[in-house]
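Below you'll find the structure, written out as structure tokens, and then a few comments.
The model shown is predicted, which means the values in this text are computed figures rather than measured ones.
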Amino acid sequence: MTRQARILAFGDSLTWGRIANRPERHSDDVRWPRVLEKALGGYATVIEEGLNGRRIALEDPLRPYRSGISLLPLFIECHAPLDLVILMLGTNDCQRQHSLAPYDVARSMRMLAQVAQRPPVEPGMPVPEVLIVSPPLVRMPDDPEHEASFFMEGAPEKTALLATYYRRIADEIGVSFFDAAAVATVTGEDGIHLDAENTRAIGLALAPVVDGLLGLPLPARGPALRITGRVG
């Protein structure tokens, strides 16, 4: 690839960079999309599209615009041309109020990835590669009275199974997969979000994966972690 690649990072508060227990986000040198962009050495632009509370296909009954499948086509067209769409969602779909099994969450992710695979509206625009990322595993907060202990009840068990199902659907539809739980662990402050070290770790770990997908002229980095799909 001779021109600078364009990558869309589409996710929830883990992509937005939410700091546990605070209505603030990590700084640019910490958030994984920015870390990924820096690690790609100027050969790619990474566009951040993280939204607190975003689901894959469901709406939040208390906040609008949280259905990823409703808005992804808009963002793909807004930021076109795109070479790669990274999808890291599923944590909020495991909330107790939705009563979804892990397999159901994965079926929603299949639909979302297939949206990204559709030919764009504008003739001649490239169809981007797609990388599905299963999120870090949820845990119960250190404080048993924390609000997340209630609305995320049952989520640790569900998120523990997402990687297995995501990997399977990625192989089925011909996209790539990465397990963020292989490199990042959520903080016990709320059991959902990432501290600076762990969100940074996702960006660094994704760099060789993206390098392999897009053929960027980067130095050899060693094997990518837990990736399947269309990477040779």
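No side-chain heavy atom of Glu37 sits under 4.5 Å from any side-chain heavy atom of Leu40. With a 4.5 Å cut-off on side-chain heavy atoms, Asp28 and Arg31 count as touching. Asp83 places a side-chain heavy atom less than 4.5 Å from the side chain of Leu214. In this structure, the side chains of Pro156 and Leu137 stay at 4.5 Å or more apart for every pair of heavy atoms. Contact of the Pro128 side chain with the Leu84 side chain is not registered, since no non-hydrogen atoms from C-beta on lie closer than 4.5 Å.
Distance CG/Leu206 to CH2/Trp32: 6.0 Å, rounded to 0.5 Å. To the nearest 0.5 Å, atom CD1 of residue Ile56 and atom OG of residue Ser67 are 10.0 Å apart. Going from atom CG of Asp190 over to atom OG of Ser149 covers 10.0 Å, rounded to the nearest 0.5 Å.
A donor-acceptor pair under 3.5 Å is absent between the side-chain atoms of Arg107 and the main chain of Val105, judged by distance alone. Judged by distance alone, with hydrogens and angles left aside, the side-chain atoms of Thr159 form a donor-acceptor pair with the main-chain N or O of Val138 at under 3.5 Å. A donor-acceptor distance shorter than 3.5 angstrom exists from the side chain of Arg66 to the backbone of Asn52, with no hydrogens or angles considered. For Glu49 (side chain) and Ala9 (main-chain N/O), no donor-acceptor pair under 3.5 Å exists by modelled atom type. The main-chain N or O of Asp29 is never found under 3.5 Å from a side-chain atom of Arg34 such that the two would form a donor-acceptor pair. At distances below 3.5 Å, at least one donor-acceptor pair connects side-chain atoms of Asn198 with backbone N or O atoms of Thr185.
Across all their heavy atoms, Glu48 and Pro33 have their closest contact at CG-CB, 3.5 Å. Taking every heavy atom of both residues into account, Ala116 and Val127 meet most closely at O-CG1, 4.2 Å. Annotation for Ile173 and Ala113: closest pair CD1-CB, 3.6 Å, computed over non-hydrogen atoms. In this structure, Gly11 and Arg54 approach most closely via the heavy-atom pair O-NH1, 2.9 Å. Counting all heavy atoms, side chain and backbone alike, Lys158 lies closest to Cys94 at CB-SG, 3.7 Å. A pairwise comparison of heavy atoms in Ala184 and Pro136 identifies O-CB, 3.8 Å as the closest pair.
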_Before you tell me yes or no, could you show the steps for Asp171 and Arg167 under side-chain contact (heavy atoms from CB on, under 4.5 Å), namely the whole-Å CA-CA distance, both residues' side-chain angles and the distance that decides it to 0.1 Å?_
CA-CA 6 Å; Asp171 287 339; Arg167 181 184 287 109; 4.3 Å; yes
*Any chance you could lay out the salt bridge (Lys or Arg N to Asp or Glu O under 4.0 Å) test for Arg96 and Glu153, step after step, and finish with the verdict?*
CA-CA 6 Å; Arg96 183 177 64 174; Glu153 182 181 358; 2.8 Å; yes
*Starting from the C-alpha separation in whole Å, work towards a yes-or-no answer on side-chain contact (heavy atoms from CB on, under 4.5 Å) for Val133 and Ile86.*
CA-CA 7 Å; Val133 179; Ile86 302 175; 3.7 Å; yes
*From CA spacing to verdict: side-chain contact (heavy atoms from CB on, under 4.5 Å), Leu82, Ile7*: CA-CA 6 Å; Leu82 292 170; Ile7 300 166; over 6 Å; no
*Residue pair Leu131, Phe178: steps toward the side-chain contact (heavy atoms from CB on, under 4.5 Å) verdict*: CA-CA 7 Å; Leu131 173 61; Phe178 180 81; 4.3 Å; yes
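A donor atom on one side chain and an acceptor atom on the other are found under 3.5 Å apart for Gln4 and Thr45.
Salt-bridge annotation for Arg55 and Asp60: present, with a side-chain N of the basic residue lying under 4.0 Å from a carboxylate O of the acidic one.
For Tyr65, the OH atom is loosely surrounded, since the number of other residues' heavy atoms within 6.0 Å does not exceed 12. Under a cut-off of 6.0 angstrom, the local environment of CD in Glu197 is sparse, with at most 12 non-hydrogen atoms contributed by other residues, nucleotides or ligands.
Under a hydrophobic clustering in which Ile, Leu, Val, Met, Phe, Trp and Tyr are joined whenever their side-chain heavy atoms come within less than 4.5 Å, directly or via other members, Leu162 and Met140 fall into different clusters. Note on Val115 and Leu89: same hydrophobic cluster, where clusters join Ile, Leu, Val, Met, Phe, Trp and Tyr whose side-chain heavy atoms are under 4.5 Å apart, directly or indirectly. Hydrophobic clustering (ILVMFWY, side-chain heavy atoms < 4.5 Å, transitive): Val209 and Leu216 are in one cluster. Using a 4.5 Å cut-off between side-chain heavy atoms of Ile, Leu, Val, Met, Phe, Trp and Tyr, with links allowed through other members, Val183 and Leu213 fall into the same hydrophobic cluster. Note on Phe75: it does not cluster hydrophobically with Met125, by side-chain heavy-atom contacts below 4.5 Å among ILVMFWY residues.
When the ring-ring contact (aromatic ring centres under 6.0 Å, His included) test is applied to Tyr103, the partners found at least two apart in sequence or on another chain are Tyr165. Partners of Glu172 according to the side chain to side chain contact (heavy atoms under 4.5 Å, CB included) rule, which considers only residues two or more places apart in sequence or in another chain, are Arg110, Arg168, Ile169. In this structure, the side chain to side chain contact (heavy atoms under 4.5 Å, CB included) partners of Glu189, at least two apart in sequence or on a different chain, are Ala20, Asn21, Thr187.
For residues 8-27, every residue pair satisfying the salt bridge (Lys or Arg N to Asp or Glu O under 4.0 Å) rule, not counting sequence neighbours, is listed here: Arg22-Glu24. Screening residues 187-210 for ring pair (Phe, Tyr, Trp, His ring centres under 6.0 Å), with sequence neighbours left out, gives no hits. Residue pairs meeting the ring pair (Phe, Tyr, Trp, His ring centres under 6.0 Å) criterion with at least one partner in residues 108-147, sequence neighbours excluded, are absent.
Paired with Leu87 under the rule side-chain contact (heavy atoms from CB on, under 4.5 Å), one option of Leu8, Thr15, Val130 passes, and it is Val130. Of the residues Asn92, Thr91, Asp93, the one that meets the side-chain hydrogen bond (donor to acceptor under 3.5 Å, both in side chains) test with Gln95 is Asn92.
Using cut-offs of 30° and 60° for the angle between ring planes, the Phe177 and Tyr166 rings count as perpendicular.
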